[in-house]
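First the structure, in the form of structure tokens, and then the observations on it.
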2 protein chains.
Amino acid sequence: MTTANHFELLGRDGAARTGRLTTPHGVVRTPAFMPVGTAGAMKGMHWREVREAGTDIVLGNTYHLMLRPGAERIAALGGLQKFTGWNGPMLTDSGGFQVMSLSELRKVSENAVTFRSHIDGARVELSPERSIEVQRLLGADIAMQMDECVRLPAERSDIERAMQLSLRWAERSKRAFESAAPGAMLFGIVQGGDVPELRHTSARELVGIGFHGYAIGGLAVGEPQSVMLAMIEATAPQLPEGRPRYLMGVGTPGDILEAVARGIDMFDCVMPTRNGRHGMAFTRFGQINLRNARHGDDPRPLDEASTWPSTRNCSRAYLHHLVRSGETLGAMLLSEINIAYYQQLMHDIRNAVSNGTFEDFRASTRAGWAHGDIAPR
Amino acid sequence: MTTANHFELLGRDGAARTGRLTTPHGVVRTPAFMPVGTAGAMKGMHWREVREAGTDIVLGNTYHLMLRPGAERIAALGGLQKFTGWNGPMLTDSGGFQVMSLSELRKVSENAVTFRSHIDGARVELSPERSIEVQRLLGADIAMQMDECVRLPAERSDIERAMQLSLRWAERSKRAFESAAPGAMLFGIVQGGDVPELRHTSARELVGIGFHGYAIGGLAVGEPQSVMLAMIEATAPQLPEGRPRYLMGVGTPGDILEAVARGIDMFDCVMPTRNGRHGMAFTRFGQINLRNARHGDDPRPLDEASTWPSTRNCSRAYLHHLVRSGETLGAMLLSEINIAYYQQLMHDIRNAVSNGTFEDFRASTRAGWAHGDIAPR
């Protein structure tokens, strides 16, 4: 099996790149941020709002969906896009990461991971082949190989063992993927923890196997940002220029900006929706905690210059009241406000890379965050 | 003080009526259903969806809003419409009912109710005058007099005492209302429990005082539907033809249909949003419980003939999954689906009354509910 290239690089500025990735369900402009619709829903948002906020592609969690409502059921209902009403590109993870973080009594063997469902305690086996089958049943535009992710800090021997297992699973994933739908893509995942040599080995071996794109996994698991950026710097140059690079589970706007500067094209993170549910807004002034009393009488919006209506129109006083009162609408508004901010950031990044002004954009954006929120009234 | 008439009766069909009520924030088509935005938010819905679903007017709860964020604060922020972004007519209740149902250590005296806030335990006094002041500060288009509502069943002596107290509070409310904004309205509330003579007395005395509209209170508090309808029949004929009649806290679609048939023009109820949060959908096939396993594999929408997009497009399987998974989106979708169904019902009622076909509409609508949901696949 060869891996057709669906990715077109449109521009470069330093190590930063911009491009377009063509999937069966539409085009993804890169650098791209993928909001996470864990269990077939974006928490607190309608799918039309996800789209209107500037989202090209979303992520669905294989682990959650295989347990409920079940991959075969979703396939019988026409796939995840038809099931949810999100009529756009979708990437699914392999399920491996959530098995590690959410399930009980898990056991990793050469062949598969066995675990008990966190929903009903049922015993489930997930192999690289079953993961690919589930992702095919879900109708993923982009499937991920199954891998084993080690939490940092960890012993080098543990990191190396998991990285080598992930490489063997990468080969099995690719073989299993041959029956996938036309145009669907499979990404390999570079592991190797915080050890540059292991990252090199993992990347080189994966490129040898050949994937439509390459993810960097096992980061944003508790290590400092400096370690994460060092691992990107160790990995990205090992990956083929013409394939998309996806940094899994990242991150803050600052993480994204720095990762783009080091050649990353795709991101996913629950942070904008999760923090939104906890009263936090992402803005060009940095993160703003709407619970703070200073907002209680403030009629000003979060950012009067924003292109997103709720960001420009809802008063801080109203958002403060909704958050303090535990009203669902507070979580709904802050989730869309945060997704819109992330997507505006990606839009601005793409433009800056296209125009060769990425370094200026990066500096002015960081300065805005560092300057902080507007003064209280 | 005279009470200008803002209500125009446009049609009658039997005892059923249709009309238009002009408020400072816009026109309300009657019969009207008012969704309840308790604490300055419609649970699980954006205001734009409330409007798009066909809502002319919403209800805000004085009790909740005076405790948090506070009436003076909302006034300083430009009133409840500006604060929330709901740019339409708003009715506020007096706060009396929630004092009875939510607060602790309440004490009713001739002058006022004193209670402890359910939020922070602070001691608060609510008099008829303060209630009107709070409603003025909130910017209500329609304010309600403060009353005392007795839970049924109750002794006649208790019902009569509360009814007489409510009449004295009605007079005080009207005097206090004189400083209200131009165009704002004040409604009196008929009490008298399940005793027709007390309802007659209450209605006659209120009409003597003179209000912009008349509410029937103290129903939908646990009594059978037959008692509620009998009380409407005892009360409505005592009220002036040319003023709107509002049945407070009601109810199911069936309650509304029967109350319209007896001359009621306005309703409010938390049922469409509350039941939506619990997985229940209101449809022309009656109430549907999306938790039921029969929906799990059903690709069909709730009602393929609905004019509301989510009702027509979201599969039962998806709604079932969202409800079972506890996803916020399930509550969001079912809340809008239910509000849209209620508003479609009101729209159809208004048309039927205008066209003189209300009895046919009532019969066919009841037959649809009685027939029940479409057969499983």
Side-chain angles (χ1 to χ4, degrees), chain A residues 37-50 64-65 67-70 72-74 76-78 80 82-87 119-120 273 277 293 295-301 309-310 313-333 335-336, chain B residues 37-50 64-65 67-70 72-74 76-78 80 82-87 119-120 273 277 293 295-301 309-310 313-333 335-336:
Chain A
T38 305
M42 194 64 57
K43 293 190 192 306
M45 291 181 74
H46 293 284
W47 287 113
R48 62 180 175 273
E49 296 160 354
V50 177
H64 291 84
L65 293 164
L67 297 181
R68 185 171 58 195
E72 279 74 9
R73 173 176 271 181
I74 288 178
L77 290 162
L80 200 48
K82 180 123 191 266
F83 181 61
T84 60
W86 166 258
N87 293 311
I119 296 171
D120 62 4
T273 45
R277 292 198 297 282
H295 303 295
D297 293 298
D298 195 334
R300 296 172 300 176
S310 302
N313 297 329
C314 291
S315 72
R316 290 162 179 251
Y318 188 49
L319 293 169
H320 171 84
H321 167 66
L322 295 173
V323 169
R324 285 282 186 110
S325 303
E327 284 287 339
T328 310
L329 183 58
M332 291 163 60
L333 287 170
S335 295
E336 67 168 68
Chain B
T38 305
M42 194 65 57
K43 291 189 193 306
M45 292 181 72
H46 292 284
W47 287 112
R48 61 179 176 273
E49 296 161 353
V50 178
H64 291 83
L65 293 164
L67 297 181
R68 186 173 57 196
E72 279 74 8
R73 174 177 269 182
I74 288 178
L77 290 162
L80 201 47
K82 179 119 191 271
F83 181 62
T84 61
W86 166 259
N87 292 311
I119 296 172
D120 62 3
T273 45
R277 291 198 299 281
H295 303 297
D297 293 298
D298 196 335
R300 296 173 299 177
S310 301
N313 297 330
C314 291
S315 72
R316 289 161 179 252
Y318 187 49
L319 293 170
H320 171 84
H321 167 68
L322 295 174
V323 169
R324 285 283 186 108
S325 303
E327 284 287 338
T328 310
L329 184 58
M332 290 163 61
L333 287 170
S335 295
E336 67 168 68

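Every chain is numbered from 1, with letters handed out A, B, ... down the list of sequences. Computed from a predicted model, the values in this text were never measured in an experiment.
- Contact record, A:L322 with B:G40: CD2-O, 4.4 Å, taken as the closest heavy-atom pair.
- Atom NE2 of residue B:H64 and atom CD of residue A:E327 lie 8.5 Å apart, to the nearest 0.5 angstrom.
- Counting all heavy atoms, side chain and backbone alike, B:H46 lies closest to A:L329 at ND1-CD1, 3.7 Å.
- Of the two parts of B:R277, neither the backbone nor the side chain holds a non-hydrogen atom closer than 4.5 Å to a non-hydrogen atom of chain A.
- Interface remark: A:A39 contributes backbone and side-chain atoms alike to the contact with chain B (heavy atom separation under 4.5 Å).
- Note that the CE atom of B:M332 and the CE atom of A:M332 stand 3.5 Å from one another [nearest 0.5 Å].
- In this structure, B:L77 and A:D298 approach most closely via the heavy-atom pair CD2-C, 4.4 Å.
- Contact record, A:S325 with B:R68: OG-NE, 3.2 Å, taken as the closest heavy-atom pair.
- Proximity to chain B involves both the backbone and the side chain of A:T84, based on heavy atoms less than 4.5 angstrom apart.
- Residue with the most contacts toward chain B among A:A317, A:A331, A:S315: A:A317 (heavy-atom pairs, distance under 4.5 Å).
- Neither the backbone nor the side chain of A:E72 comes within contact range of chain B; no heavy atoms are under 4.5 Å apart.
- By the 30° and 60° cut-offs, the orientation of the rings of A:H321 relative to B:F83 is tilted.
- Among A:G44, A:G70, A:G85, the residue making the largest number of heavy-atom pairs under 4.5 Å with chain B is A:G44.
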